[in-house]
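Here's the structure, in C-alpha cells; my notes come after.
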Amino acid sequence: MSGPLLVLVGPPASGKTTVGTATAAALGRPFRDTDADVEAETGTSVADLFVTHGEAHFRALEEAAVARALAEHDGVLALGGGAVLSPASRALLVAYGRDGGTVVHLDVDLPSAARRAGLSRDRPLLAVNPRAMLRVLLEQRAPLYAEVATVVVPTGGRTPDDVVADVLAALPAGAGR
C-alpha cells in the first residue's frame, strides 16, 4: 500500500499535531500537516485565509492539499479539523482505509477541547465563542470522522504519551517499524 503510514483526523484541539509529531518521532518517520501545507503554498495563515478569502476558498485549498498529501506522503499525516467536510476528501480517506491504511480519529470531549483551544486566534472557527463553536463542531463532524476512521482513540483527559501509545498500537503489526 502506498501513501501515509497513518492519517490523523479529529476536531480542533483533539491533539492531531501534538500526537502526530510524537508518533512520527517514535516511528522515525516524517510528520506532515495539511494546514501547514496550505500555509506554505499560500504564504499566509489559515486564520488569515478565512478572513481574507472566506471558508469556501480555504476548503478548496485544503481539499487539494489532502489529495496531494495522501498521494505523496509516506509518514504520519494530520488533516485539518474540517478536512472531513469535503466529500472528495472523505472518499479518498475511505478508500485509503479500505486498502489497508490506518485512519485514526482522535476523539476529544468538549471540556478537554475547550481547555486546549482556549481563546486561540489561530483557530478561525473558534474565534467568537470557542466553547459553543466546539460543541457544534463536535456534534456536526462526529459522523464524518466516524465515516473515515479505521480506529478511534480518545484524547480527553489523557497525556499525549498515552494517546501516542494507543495510536502506535492501532498500526498493523510491523507497520513503519
Side-chain angles (χ1 to χ4, degrees), residues 1-97 99 101-106 108 113 116-128 130 133-134 137 141 144-145 147-150 153 155 160 163-164 167-168 171 175-176:
M1 180 200 73
S2 64
L5 181 59
L6 71 102
V7 178
L8 298 171
V9 299
S14 61
K16 296 179 298 291
T17 301
T18 300
V19 170
T21 55
T23 301
L27 294 168
R29 300 295 282 271
F31 172 74
R32 184 167 174 176
D33 180 313
T34 56
D35 280 351
D37 288 355
V38 169
E39 289 180 344
E41 179 186 332
T42 62
T44 189
S45 72
V46 169
D48 287 345
L49 283 169
F50 263 75
V51 170
T52 306
H53 300 287
E55 183 176 0
H57 177 76
F58 168 73
R59 294 295 175 205
L61 294 170
E62 179 179 55
E63 186 177 289
V66 168
R68 253 190 327 274
L70 284 170
E72 9 179 277
H73 188 62
D74 65 353
V76 176
L77 176 63
L79 304 189
V84 295
L85 296 172
S86 160
S89 294
R90 286 197 313 277
L92 288 173
L93 289 166
V94 168
Y96 165 79
D99 290 344
T102 303
V103 180
V104 179
H105 170 202
L106 294 180
V108 65
R116 292 177 190 166
L119 299 174
S120 174
R121 68 168 210 82
D122 295 332
R123 299 177 191 272
L125 290 179
L126 304 181
V128 178
M133 276 308 297
L134 274 169
L137 291 177
R141 295 179 183 174
L144 304 178
Y145 296 128
E147 179 184 332
V148 302
T150 59
V153 174
T155 68
V163 176
V164 169
V167 170
L168 291 171
L171 288 171

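Summarising the geometry of Thr150 relative to Gly101, their closest heavy-atom pair is CG2-O, 3.7 Å, with the distance given to 0.1 Å. Looking at every heavy atom in both residues, Val104 comes nearest to Val153 through CG1-CG2, 3.7 Å. Nearest heavy atom pair, residue Val9 against residue Lys16, reads C-CD, 3.8 Å. Nearest heavy atoms, Thr17 versus Asp33: OG1-OD2, 3.3 Å. Annotation for Pro11 and His105: closest pair CD-NE2, 4.3 Å, computed over non-hydrogen atoms. The two residues Phe31 and Ala24 have their closest heavy-atom pair at CB-CB, 3.8 Å.
Here Tyr96 contributes atom OH and Leu6 contributes atom CG; the two are 6.0 Å apart, rounded to the nearest 0.5 Å. Rounding to the nearest 0.5 Å places CG of Leu49 at 6.5 Å from CG of Leu61.
Glu62 places no side-chain N or O within donor-acceptor distance of the main-chain N or O of Asp35, the cut-off being under 3.5 Å. Distance alone, capped at 3.5 Å, is enough to place a donor-acceptor pair between the His73 side chain and the Val76 backbone. Within the 3.5 Å criterion, the main-chain N or O of Val148 finds no donor-acceptor partner in the side chain of Arg90.
In this structure, the side-chain contact (heavy atoms from CB on, under 4.5 Å) partners of Ala69, at least two apart in sequence or on a different chain, are Arg32, Thr34, Asp37, Leu77.
Looking at heavy atoms from C-beta onward, Val164 lies out of side-chain contact with Thr18 at the 4.5 angstrom threshold. Annotation: side chain of Val94 is not in contact with side chain of Val103 (no heavy-atom distance under 4.5 Å).
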Given the rule in the side-chain contact (heavy atoms from CB on, under 4.5 Å) test, do Thr23 and Leu5 qualify, once you have shown the distances and angles that lead to the verdict? CA-CA 11 Å; Thr23 301; Leu5 181 59; over 6 Å; no

As a quick check of understanding, evaluate side-chain contact (heavy atoms from CB on, under 4.5 Å) for Val163 and Leu106, giving each step before the final call. CA-CA 9 Å; Val163 176; Leu106 294 180; 3.9 Å; yes

What side-chain donor-acceptor pairs closer than 3.5 Å can you find for residues 79-88, not counting sequence neighbours?
unit_1, atom_1, unit_2, atom_2, d
Ser86, OG, Glu63, OE1, 2.6
Ser86, OG, Ala88, N, 3.3
Ser86, OG, Ser89, N, 3.0
Ser86, OG, Ser89, OG, 3.3

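For Arg68 and Glu72, the salt-bridge test fails: no basic side-chain N is under 4.0 Å from an acidic carboxylate O.
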